[in-house]
Amino acid sequence: MPIPVISIPKKNLLSLGLSNTENIHYQLSPQELVQDTLSMGDGVLNDTGALVIRTGEFTGRSPKDKFIVKDSKTADTVHWNEFNIPIDQQYFDIIRKKITNYLSNRKELWVRDCYACADPRYRLNIRVINEKPWNNLFAYNMFLRPTEEELEDFKPEWHILSAPELKLDPRECGTRQHNAAVISFKHKMILIAGTGYTGEIKKGIFSILNYILPYEENVLSMHCSANMGEHGDTAIFFGLSGTGKTTLSADSNRKLIGDDEHGWTDTGIFNFEGGCYAKTINLTEEKEPEIFHAIRPGALVENTIFFPGSNKINFDDASITENTRVSYPLDYISNALEPSIGGLPKNIFFLTCDAFGVLPPVSKLTPGQAMYQFISGYTAKVAGTEAGVTEPKSTFSACFGAPFLPLHPGKYAEMLGKKMQDNKVNVWMINTGWTGGPYGIGSRMKLKYTRAMIAAALDGKLSNVEYDFDPIFGMAVPQECPDVPSDILNPRNTWTDKNAYDEKAKFLAGLFIKNFEKYKDGAAAEVLAAGPKI
């Protein structure tokens, strides 16, 4: 049952500038939010009962339209760059006024109280105010859910105001175009206008936690997934989108802590979120059963296409976007850990999807190499779908999450380095990309082999095997691994044309070296020495 409207602190909503507090749906259940979405004609149910919607013009985040208000708090603390774009206070005030006026004139609004951070010491109370019920369902799925008793005296610390159909005037609002996501640390508010992509809500909170926790609480915030073994051993998986964070952390033999955002304290790892936001492109029951079976009533599926004449999703269809997604509560995963707090990590995995087919499928890193790879944050993506374009494109994203890091990358790297040293963590690099050649020639590394390599590392089965050293990148490559053909462990062996491999390896090494130029002045000698050698 929904909590009565009377329980909403109307004074709080009025103080935000929302003049009409009579059209509020507060704390609706998933079933009610689904029904409201269906009644509005904004979505349909698939054959398993999940809600399927389209996010409209934007099917992914728009990093060039994310702004942080530059004020006395942020001017000298935020690392201003192409991801942390400053906006003046006057424009924030204008956008806020436009959003509150717009929302006040809607026939209905959906409001949800929720929180981030499973560790109660760092709990962040959030109030989300949505124009669309399916945006509110996303907030239900992705944030942590207070009990009815906790809601009685709930006091929001941060507010998110989301108006997907409001188009801004860039000249008046100081934005690049008609959409924007604006963060004000002074007002503790996130304003989202002109985009229905739900990930802007999630990543807005992640961005503020990436400021608050390291800067104010000395807690390392991380763009990673995490799980825990039956003996309490925690593993964390860093990686950019598409490298396998969600897939590889959903392991039936281990408890899932979370699939994307975590904090590392002196006592362990905790999840920021209460749900998962998984990619569904090419999803199959065989390869990713936990995610496949999470697509059921209450789940929110974005930008997928049905098979003709049916309501069965064609997960291979990327005609709307490659970035098809599903959000669902964490407990939709059968082995999710509750509460989502794990012990100190024993193993760290850096996931990369190397479309050049150069990096080993599994390798062990020294502390210096680990810091070099963390600061580099490498993966590669297929260039596009235009005819004749097959060359991959390298992507370097500092700390495997540069678009969400308000502080200088060196802050996160310094904290990670100390924690790795203090806890004597094993660090591995896992290439989930191509083998036998680059994209267009080779083939994608089989998921069952990647899982076997990770399992071997977690079980200590790679501790007593012989290692070779990659002559260019320097990492230690095991000569054997249980349940994995030995001939794929050395990537050069999988290429028919060895000279072509050597040339491509030198090419990738050059990209690493060029990218690291901007960090070399502040890097320790051990880290600099860990770079590739051409």
Side-chain angles (χ1 to χ4, degrees), residues 68-80 83-84 113-128 142-146 150 154-160 183-190 201-226 228 234 236 238 257-274 330 337 339-345 348 371 374-375 398-423 425:
I68 298 175
V69 178
K70 191 171 186 177
D71 53 29
S72 57
K73 182 179 178 67
T74 60
D76 298 324
T77 54
V78 167
H79 180 55
W80 303 107
F83 301 118
N84 298 318
D113 287 338
C114 45
Y115 66 97
C117 300
D119 189 324
R121 295 175 293 177
Y122 308 104
R123 174 170 169 166
L124 186 79
N125 283 357
I126 304 162
R127 176 162 293 160
V128 187
M142 293 308 303
F143 294 123
L144 290 153
R145 297 162 283 277
E150 289 172 326
F154 188 93
K155 293 181 174 58
E157 187 175 356
W158 276 77
H159 288 83
I160 302 174
I183 297 171
S184 172
F185 284 94
K186 178 181 176 181
H187 295 86
K188 297 187 175 181
M189 189 175 292
I190 300 172
I201 295 172
K202 162 190 162 72
K203 290 305 186 186
I205 291 298
F206 186 40
S207 295
I208 69 167
L209 289 171
N210 281 329
Y211 180 96
I212 295 168
L213 292 177
Y215 184 64
E216 300 178 2
E217 302 287 353
N218 198 33
V219 170
L220 173 61
S221 53
M222 304 176 292
H223 187 210
C224 69
S225 59
M228 190 173 74
T234 297
I236 55 181
F238 286 97
I257 301 172
D259 82 324
D260 198 42
E261 303 171 4
H262 294 82
W264 186 343
T265 70
D266 291 338
T267 56
I269 301 294
F270 68 91
N271 192 358
F272 291 170
E273 302 180 298
L330 197 61
L337 188 64
S340 47
I341 303 174
L344 291 167
I348 293 175
M371 292 306 301
F374 183 67
I375 294 170
C399 310
F400 294 99
F404 323 118
L405 304 181
L407 305 177
H408 191 283
K411 174 66 174 177
Y412 308 94
E414 178 187 356
M415 294 181 75
L416 179 68
K418 187 175 187 309
K419 287 183 177 295
M420 289 192 305
Q421 183 179 19
D422 291 348
N423 294 279
V425 183

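As the structure is a computational prediction, the values presented were derived from the model and not from experiment.
Once rounded to the nearest 0.5 Å, the distance linking CE of M420 with CH2 of W264 reads 7.5 Å. The distance from atom CG of L209 to atom CD of E273, rounded to the nearest 0.5 Å, is 9.5 Å. Between N125 atom CG and E150 atom CD the span is 8.5 Å, to the nearest 0.5 Å. Here the CG atom belonging to N218 is positioned 7.0 Å from the CG atom belonging to D266, to the nearest 0.5 angstrom. Note that CD1 of I348 and SG of C224 are 8.5 Å apart. Values are rounded to the nearest 0.5 Å. Rounded to the nearest 0.5 Å, atoms CD1 (I257) and CD1 (I341) are 9.5 Å apart.
In this structure, C399 and A413 approach most closely via the heavy-atom pair SG-N, 4.4 Å. For A116 against L144, the heavy-atom pair with the smallest separation is C-CD1, 4.0 Å. Closest non-hydrogen pair, C114 versus V128, comes out as SG-CG2, 3.9 Å. Considering all non-hydrogen atoms of both residues, M371 and G417 come closest at SD-CA, 3.5 Å. Listed here is the closest heavy atom pair of A226 and I236: CB-CG2, 3.8 Å. Of all the heavy atoms in S207 and P406, the pair that sits closest is O-CG, 3.2 Å.
One finds no salt bridge joining R123 and D119 here, because no Lys/Arg side-chain nitrogen approaches an Asp/Glu carboxylate oxygen to under 4.0 Å. At a threshold of 4.0 Å, the pair R127-E157 does not count as salt-bridged, since none of the basic side-chain nitrogens sits closer than that to a carboxylate oxygen. Taking the charged nitrogens against the carboxylate oxygens, E261 and K202 do have a contact shorter than 4.0 Å, which makes a salt bridge.
Residues H262 and M222 are in side-chain contact: their nearest non-hydrogen atoms beyond the backbone lie under 4.5 Å apart. Contact of the L416 side chain with the L220 side chain is registered, since non-hydrogen atoms from C-beta on lie closer than 4.5 Å. Residues I190 and I205 have side chains in contact (heavy-atom distance under 4.5 Å, counting atoms from C-beta outward). Within the 4.5 Å cutoff, the side chain of I201 has no heavy atoms near those of the M142 side chain. At a threshold of 4.5 Å between non-hydrogen side-chain atoms, the residues Y412 and N210 count as touching. Considering only heavy atoms from C-beta on, I183 stays 4.5 Å or farther from Y211 through its side chain. Within the 4.5 Å cutoff, side-chain heavy atoms of L407 are placed close to those of Y215. Residues F272 and L124 fail the side-chain proximity criterion, which asks for heavy atoms closer than 4.5 Å.
Of the possible donor and acceptor atoms, one in the side chain of T234 sits under 3.5 Å from a partner among the backbone N and O of G343. Formation of a donor-acceptor pair under 3.5 Å by the H408 side chain with backbone atoms of G410 is found in this model.
Taking the six-membered ring wherever Trp is involved, the centroid distance between the rings of Y115 and F143 does not fall below 6.0 Å.
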Inset, instruction - Please test F185 against V69 for side chain to side chain contact (heavy atoms under 4.5 Å, CB included), starting from the C-alpha separation and ending with a verdict. - result: CA-CA 7 Å; F185 284 94; V69 178; over 6 Å; no

Stepwise, does the side chain to side chain contact (heavy atoms under 4.5 Å, CB included) test hold for I126 with I160?
CA-CA 7 Å; I126 304 162; I160 302 174; 4.0 Å; yes

Q.
Quick one, K73 with D71, criterion salt bridge (Lys or Arg N to Asp or Glu O under 4.0 Å). Give me CA distance, side-chain angles, the key distance, then yes/no.
A. CA-CA 5 Å; K73 182 179 178 67; D71 53 29; over 6 Å; no

TODO: Given salt bridge (Lys or Arg N to Asp or Glu O under 4.0 Å), test K70 with D76 step by step and report yes or no.
DONE: CA-CA 9 Å; K70 191 171 186 177; D76 298 324; over 6 Å; no

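The aromatic rings of F206 and F404 are tilted relative to each other, their planes meeting at an angle between 30° and 60°.
With a 6.0 Å radius and a threshold of 12 heavy atoms from other residues, nucleotides or ligands, E216 has its CD atom above the threshold.
Under the 3.5 Å distance criterion, with hydrogens and angles disregarded, no donor-acceptor pair is assigned to the side chains of Y122 and T265.
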